[in-house]
Structures are given as structure tokens and as C-alpha cells.
Amino acid sequence: MKIRSVKGTADILPGHQAAWRAVVDAAATALGRAGAGRIDTPIIEYAELFERSVGESSDIVVQKELYTFEDRGGRELALRPEFTAGVLRSFIEHGMFTLPTPVKLWTHGPLFRAENVQRGRYRQFHQINFEIVGLDTPLADAEAVQLMWATLSGSGLRGHGIKLGSVGDPEDRAAYNQYLRDELTPRAADLTPVSQERLRLNPMRLLDAKDRGDIEIIAELQRPLDRLGTAARDHFEQVRGYLEAWGVPYEVDPGIVRGLDYYRRTAFEAHYQGIGAQSALGGGGRYDGLLAQLGGHDLPGVGWALGIERIIDALEQEAANDAASQIAESPTPSSLFLVPLDDEAVADAAALAHTLRAHGKVEYAYQRRNAGKGLKDADRSGASHAALRGPDERRANTWQLKDLGSGDQREVGVQDLVDLLKAGSHGVMA
Ligand code: AMP
């Protein structure tokens, strides 16, 4: 029997790696320039870390999305379902509170949730994550939003939008939750079981309901933004002011709530229409109090996570919508395929490939090929150019360089091949 991949996990094949790298590079650039340090934390943590941080009413706990297991030492462990808890655990463990504030950290990697698998919702998926620890000013929230925007733009995406809301201070949340309880408890029997559970544990989370019936029941009710206290409202208005001053486009969404319980005040999401029902590319918000809850100093924080699979889905949609013009215009660097036309040239090709790789992508045939077969190999490798060598070229210490696009051919020396790789596809043969 063939062993297949686990449902909801995916191989990232070579054809997808360039897009993948573009997204991670965009994050590294945007976040690195903002002073964020790269951190990597383990995939395995104590289950308690997540149980204590994400909250008992989060999807991760209510819908039993946490992958937990007991190891041979009887430890209760979990595969990380999100980054913030692990990053803050590391912050505390390594005494980062002694660093000058703010401390900005970013990371990316795989996460695991036992989800109902569908487009954009997998059991192993990947996020880019960014945290600013130690600042409670609205400036930090605005900078976090701006950097989320910049990371998406830097990936090459154009059609994304930001939704901004606020879940208020803890007392606002408590009052809002009481309001929802008062309104909805008499109608609880009409709600789905998941929504009933949310009503019991953290009614605000009902606003994330996906069920049509639930959505209708909630539609008429006030949103968290309608019921903010003065301090949270003032904070929210300041965040808006900064974003407007910086020209970061966003729309206010009064009903925005986040999947994890630890958020307060600012909550935001990035969206892209056209990638199916799961249109959220990422989300984030302020989480003052979480660090203390995990046993650290009581430092405030704000952060976000972007889903890499969904960004790539959006980029592919955008490229398809652009009718390939975008792709045709982007210059691809030259690459070479060396074709030895006799046995002696095999060693020449191998040696030259290893030298030329300092300048670009170079492959070669591992055995003697006739010109026709060699050019076919070159084509299949995706190279822009082939260079062939037989006895005549060896005597002259040259190669026959063929542009596989135009068919132009001429005899060149090694330095020409170096120049070709350095110059890009429109260099030497033009
Ligand atoms: P969250 O950590 O739930 O706030 O999610 C932040 C972002 O991560 C989402 O907007 C998605 O882009 C991505 N994401 C979350 N869960 C999944 C999943 N199961 N599969 C793929 N992407 C996900």
C-alpha cells in the first residue's frame, strides 16, 4: 500500500519555493529594517503554555484544535498552534525584559491545528509572526499595522486590505460580554452548539460565527466598537490618526474580534478577496497582560501573524488576473546548461559549472550528448542558454553559446559566460 501525506498537510514543491521565499524575504526586509530580531522557537512546547495563553474560549481550545501528546517521560506536550505564546515564553526564559524597550521579534515556520480541512485551512500551515513588546502607546499598534501592510506589499501583493477595530479594555469586554449574554441567553437554543459554548465562555467570540443562522441572530446586536470605554476609544482614534498620516489604507470594522482570548484594545486583520471563504491573510492585536499571565513581568505587547499559504494563494490569483503580463515583464536571470559533445568535454563541463556557479545557475549533462539531445536536455532544465563543447572548441578553449529563446549562436570564451550570468537574460547575446 502506498503511504500518502496526512490530510491537511502539504508538500512545498520546488515550483512553489520562489513564491515562498519572496514572502519570507519581504517580511525579513520590512521587519528587519524596523529593528526586529529574528527568533526561532521550538515546535514542541508544554501543552500548558497554550492552554494558559490562548484562552479557554478560543477556537484552539473549544474546537479541540491543539495537537497534544504525552511523551515517554509522561510530559504533556503540544505542537505549537500559534507563535505568540512560544515567543513570549522565550522572552521570559531569556530575561529579555532587561533589554531596552521596545523589543521587536519576528519569526516564521510551521504551526499545527486539528482543523476541519478546506481551502485556506490546513492542519500544518505556516505563518510569519511579529511582536513588539514593552510599548503601550497607540504608535506601536499603528506601526504593527503598517508593517503588516508593508510585508504584504513587499511580497508583491496589491489587492490586500486592512480591517481595524477594537475589543476594548478588559472592563469594556466584560460589559460587552454581559450585554451579549443578556440579549442572547433567551435565544440560546437557536444557536449552533459551538456558538452556545462561546456564549457560555466568551460571548464576544460569537461575532466570528460562520453559521448563517447564527449570523442572522447576531446581526442586529451592537459591536464591541460601539461600546468602548473612553480610554480604549481614545487609543483607537490615535491609532487611526497615525495610519492616516502615513497613508496606510484601512477600513474600520466595528465587529472585529480575534480567535484568541488574550487580545485587548486594537484588533486588526488583513484580507484578500478572491481566495475563497477564508479571506483573512492574517490578524493581530494588542495583548497587554499576556506576558504577566505567562509568569513574566507585566509588559504590554502588540503583534500579528500572516498565513503564508494564503498570501501565496492570493499572489497566484493576482498573477492569473494580470493575464500573465506581469510575469512576462519580470526579467528572469540567465542560466546555463553545458553540453559536452565528447567524453573529454564531460570533465570540462563539470569543472566549469562549479566555477560558474559563483555567478548564477549552471547545470550540465553528466555524459556525452549529441547536439540535438543536449539542447533538448538544456530546454528541459529551464535554462535560458546552452553552451556546447566538442574537439574544435576544446582546441580553441571556447564554447558554442546558444540562446534557447532566440536561437542565436556564437562562439565565446569563459569570460563571456561569466558576463552572461552576471548580466541577466538581455545581456551578452543582444
Ligand atoms: P490566527 O493565528 O488564527 O489569527 O490566524 C492568522 C492567519 O494565519 C490567518 O489569517 C490565516 O492566514 C493563517 N491561518 C490560521 N489558521 C490556518 C490554517 N489552519 N491553515 C492555513 N492558514 C491558517
Side-chain angles (χ1 to χ4, degrees), residues 5-12 16 19-20 23-24 27 41 50 53-55 57-67 78-88 106-131 144-145 147-149 151-152 155 157 159-165 167 198 202 204-205 207-208 210 253 256-263 266-287 290 301-317:
S5 62
V6 176
K7 187 169 177 223
T9 71
D11 303 311
I12 307 161
H16 265 111
W20 205 268
V23 173
V24 172
T41 61
F50 303 113
S53 62
V54 298
S57 77
S58 74
D59 291 346
I60 289 170
V61 174
V62 172
Q63 295 178 26
K64 307 199 172 27
E65 289 175 4
L66 197 62
Y67 278 108
L79 303 184
R80 62 185 180 196
E82 57 106 35
F83 276 118
T84 305
V87 168
L88 295 186
W106 84 280
T107 187
H108 73 95
L111 302 169
F112 304 84
R113 295 181 194 172
E115 303 252 24
N116 283 322
V117 178
Q118 53 183 292
R119 180 176 178 183
R121 199 166 276 293
Y122 312 106
R123 293 184 179 148
Q124 175 171 345
F125 62 100
H126 298 75
Q127 283 183 346
I128 292 161
N129 179 264
F130 173 63
E131 314 288 354
V145 174
L147 288 170
M148 182 188 234
W149 174 263
T151 297
L152 290 169
S155 305
L157 206 62
H160 50 290
I162 300 275
K163 290 184 183 175
L164 183 71
V167 295
R198 285 174 170 172
N202 184 0
M204 185 182 273
R205 296 277 303 113
L207 297 183
D208 260 356
K210 301 287 183 282
D253 183 343
I256 213 163
V257 285
R258 304 283 309 127
L260 312 178
D261 288 356
Y262 50 60
Y263 287 105
T266 312
F268 52 94
E269 290 178 353
H271 284 265
Y272 189 90
Q273 300 312 322
I275 49 168
Q278 309 300 326
S279 71
L281 298 177
R286 175 161 285 285
Y287 51 75
L290 179 59
V302 56
W304 51 253
L306 282 167
I308 300 183
E309 283 84 353
R310 290 195 202 166
I311 299 175
I312 289 175
D313 197 354
L315 283 169
E316 286 175 349
Q317 287 301 312

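Note that the coordinates shown come from a computational prediction; the quantities given were computed from them, not determined experimentally. Indexing begins at 1, ligand by ligand and atom by atom, following the structure's order.
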Query raised in the report: Where the side chain of Arg123 meets the backbone of Val6, is there a donor-acceptor pair that is under 3.5 Å apart?
Result: no
Report task. Determine whether the side chain, the backbone, both or neither of Leu111 has a heavy atom under 4.0 Å from any heavy atom of ligand 1. Result -> neither
Query - Nearest candidate to atom 16 (N) of ligand 1, where distance is taken over non-hydrogen atoms, out of His126, Arg113, Glu269, Glu65 - result: Arg113
Query raised in the report: Between the candidates His271, Arg119, Gln127, which shows the shortest non-hydrogen contact distance to atom 8 (O) of ligand 1?
Result: Gln127
**Report entry** All ring-ring contact (aromatic ring centres under 6.0 Å, His included) counterparts of His108, not counting sequence neighbours
**Finding:** Trp106
Query raised in the report: Is the closest side-chain heavy-atom distance between Leu164 and Thr266 below 4.5 Å?
Result: yes
Query raised in the report: Can you tell if the side chain of Tyr272 reaches within under 4.5 Å of the side chain of Leu152, non-hydrogen atoms only?
Result: no
Requested in this report: Ignoring angles and geometry beyond distance, decide whether Phe125 reaches within less than 3.5 Å of ligand 1 through its nitrogen or oxygen atoms.
Outcome: no
Query raised in the report: Does Gly283 reach ligand 1 with a nitrogen or oxygen that is under 3.5 Å from one of the ligand's nitrogen or oxygen atoms?
Result: no
Query raised in the report: How about Glu131 and Asn129: does a side-chain donor come under 3.5 Å of a side-chain acceptor?
Result: yes
Would you mind running through ligand 1 and noting each atom that sits below 4.0 Å from a heavy atom of [X]?
X	result
Gly282	7 (C), 10 (O)
Arg121	18 (C), 19 (N), 20 (N)
Glu115	16 (N), 18 (C), 19 (N)

Side-chain donor-acceptor pairs of residues 304-313 under 3.5 Å, sequence neighbours excluded:
unit_1	atom_1	unit_2	atom_2	d
Trp304	NE1	Ala144	O	2.8
Glu309	OE1	His126	N	3.0
Glu309	OE2	His126	N	3.3
Glu309	OE2	His126	ND1	2.8
Arg310	NE	Gly120	O	2.7
Arg310	NH1	Ala280	O	2.8
Arg310	NH2	Gly120	O	2.6
Asp313	OD1	Arg119	NH2	3.1
Asp313	OD2	Arg119	NE	3.0
Asp313	OD2	Arg119	NH2	3.2

Query raised in the report: Strictly under 4.0 Å, does any heavy atom of Glu309 approach an atom of ligand 1?
Result: no
Query raised in the report: Going by heavy atoms, is Glu82 under 4.0 Å from ligand 1?
Result: no
**Report entry** Spacing of CZ belonging to Arg113 relative to CD belonging to Glu65, to within rounding of 0.5 Å
**Finding:** 6.5 Å
